[in-house]
Amino acid sequence: MKLFLKPGACSLSSHIVLEEAGLQYETETVDLQKKVTASGQDYWKINPKGYVPALQLDNGDVITEVPAIVQYLADQVPARKLAPANGSMERYTLQGWLTFIGTEIHKNFSPFFNPATPAEWKSMCRANLERRFGHVADQLAGRDYLMGADFSVADAYLFTVMSWAKYIELDLSQWPSLAAYQARVAARPAVVAAMKAEGLL
């Protein structure tokens, strides 16, 4: 398998899951401005959406979107317990978290990385992020990970988007359970390996 990524972008979550899963893979960076991969391929031909991540399977099929990629990877190694069994209520809880992280947290960060975004919109998005992080902090109180005792693919995604808070000077320490969670996930060997590989450590 090959993961197409941009260091530090949302593709980091898929990279972390690949490490947690212990699967054989390689990575290739993408210049998202030029839509060209490190080896010179036209990225539009790999992922017509033009953004990362994209996971190219051994048979040539390509999966896009973080929730789809990380669940696919988790299902390759069920013994690792990176996602509950398909059809279980726990799996739907996981999918709820993945959707919430993608639509309510990830997308509220996006305007801060666009220089054309008006200040008023950024202010609204910051308020949204503070409310969403407050909710997550409440849910994490008394538990190690989003799903309870076990690390899941949702944690890889949440950790990734949480790491962007420093770029907008949003102090996560105002939510002690979030700060403790971030440190806990950051210490996992798979997370360290993925971040080192992307030059983030």
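Quick note: residue numbers are just sequence positions, from 1. Computed from a predicted structure; not experimentally measured.
- Using modelled atom types, no side-chain atom of Arg91 and backbone atom of Ala85 make a donor-acceptor pair closer than 3.5 Å.
- Distance SG/Cys125 to CD1/Ile105: 13.0 Å, rounded to 0.5 Å.
- Put simply, the side chain of Gln182 never gets that close to the backbone of Ala179: no donor and acceptor are under 3.5 Å apart.
- Taking each heavy atom of Gly50 and Leu32 in turn, the nearest pair found is O-CD2, 3.7 Å.
- The side-chain heavy atoms of Tyr43 and Val52, taken from C-beta on, include a pair separated by under 4.5 Å.
- Between the side chain of Ser11 and the backbone N or O of Leu5 there is no donor-acceptor pair closer than 3.5 Å.
- Counting only distance, with no hydrogens or angles, the side chain of Thr160 and the backbone of Ala156 share a donor-acceptor pair below 3.5 Å.
- By the 6.0 Å contact criterion, NZ on Lys166 is enclosed, its count of non-hydrogen atoms from other residues, nucleotides or ligands being greater than 12.
- A 4.5 Å side-chain heavy-atom check between Met1 and Gln56 finds every atom pair outside the cut-off.
- With respect to the salt-bridge test (charged N to carboxylate O, under 4.0 angstrom), the residues Asp42 and Lys34 do not qualify.
- Ring geometry for Tyr25 versus His15: interplanar angle over 60°, hence perpendicular rather than tilted (30 to 60°).
- Just one of Phe133, Phe112, Phe159, Phe109 meets the ring pair (Phe, Tyr, Trp, His ring centres under 6.0 Å) condition when paired with Trp164; it is Phe109.
- Side-chain contact annotation: Tyr181 with Asp155, donor-acceptor N/O pair under 3.5 Å present.
- With Arg184 contributing its side chain and Asp144 its backbone, the two residues share a donor-acceptor pair below 3.5 Å.
- Remark: the Gln95 side chain and the Gln71 side chain contain an N/O donor-acceptor pair separated by less than 3.5 Å.
- With rounding to the nearest 0.5 angstrom, the OG atom of Ser39 is 6.5 Å from the CZ atom of Phe4.
- The side chain to side chain contact (heavy atoms under 4.5 Å, CB included) with Tyr145 is formed by just one residue from the set Asp150, Leu140, Val185; it is Val185.
- Atom NZ of Lys49 has more than 12 neighbouring heavy atoms from other residues, nucleotides or ligands inside a 6.0 Å radius.
- You'll find the side chain of Tyr51 stays beyond 4.5 Å of the side chain of Lys6, heavy atoms only.
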- Item | Intermediate values then yes/no, side-chain contact (heavy atoms from CB on, under 4.5 Å), Arg80 and Phe151 | CA-CA 9 Å; Arg80 299 276 178 132; Phe151 178 91; over 6 Å; no
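- A donor-acceptor pair under 3.5 Å is formed between the side chain of Asn108 and the backbone N or O of Glu104.
- Side-chain atoms of Lys35 never come within 3.5 Å of backbone atoms of Trp44 as a donor-acceptor pair (strictly under, hydrogens ignored).
- How far CD1 of Ile63 is from CG of Asp61: 7.5 Å, rounded to the nearest 0.5 Å.
- More than 12 heavy atoms of other residues, nucleotides or ligands lie within 6.0 Å of NZ in Lys122, so this atom counts as buried by the packing criterion.
- Within 6.0 Å of CZ in Phe113 there are more than 12 heavy atoms belonging to other residues, nucleotides or ligands.
- By the 4.0 Å N-to-carboxylate-O rule, Glu28 lies close enough to Lys2 to be salt-bridged with it.
- A donor-acceptor pair under 3.5 Å is absent between the side-chain atoms of Glu19 and the main chain of Ala194, judged by distance alone.
- Within the 3.5 Å criterion, the main-chain N or O of Pro84 finds no donor-acceptor partner in the side chain of Ser88.
- Using a 4.0 Å cut-off between charged nitrogen and carboxylate oxygen, Arg188 and Glu20 count as a salt-bridge pair.
- Between the CG atom in Leu94 and the CG atom in Leu146 there is a gap of 9.0 Å [rounded to 0.5 Å].
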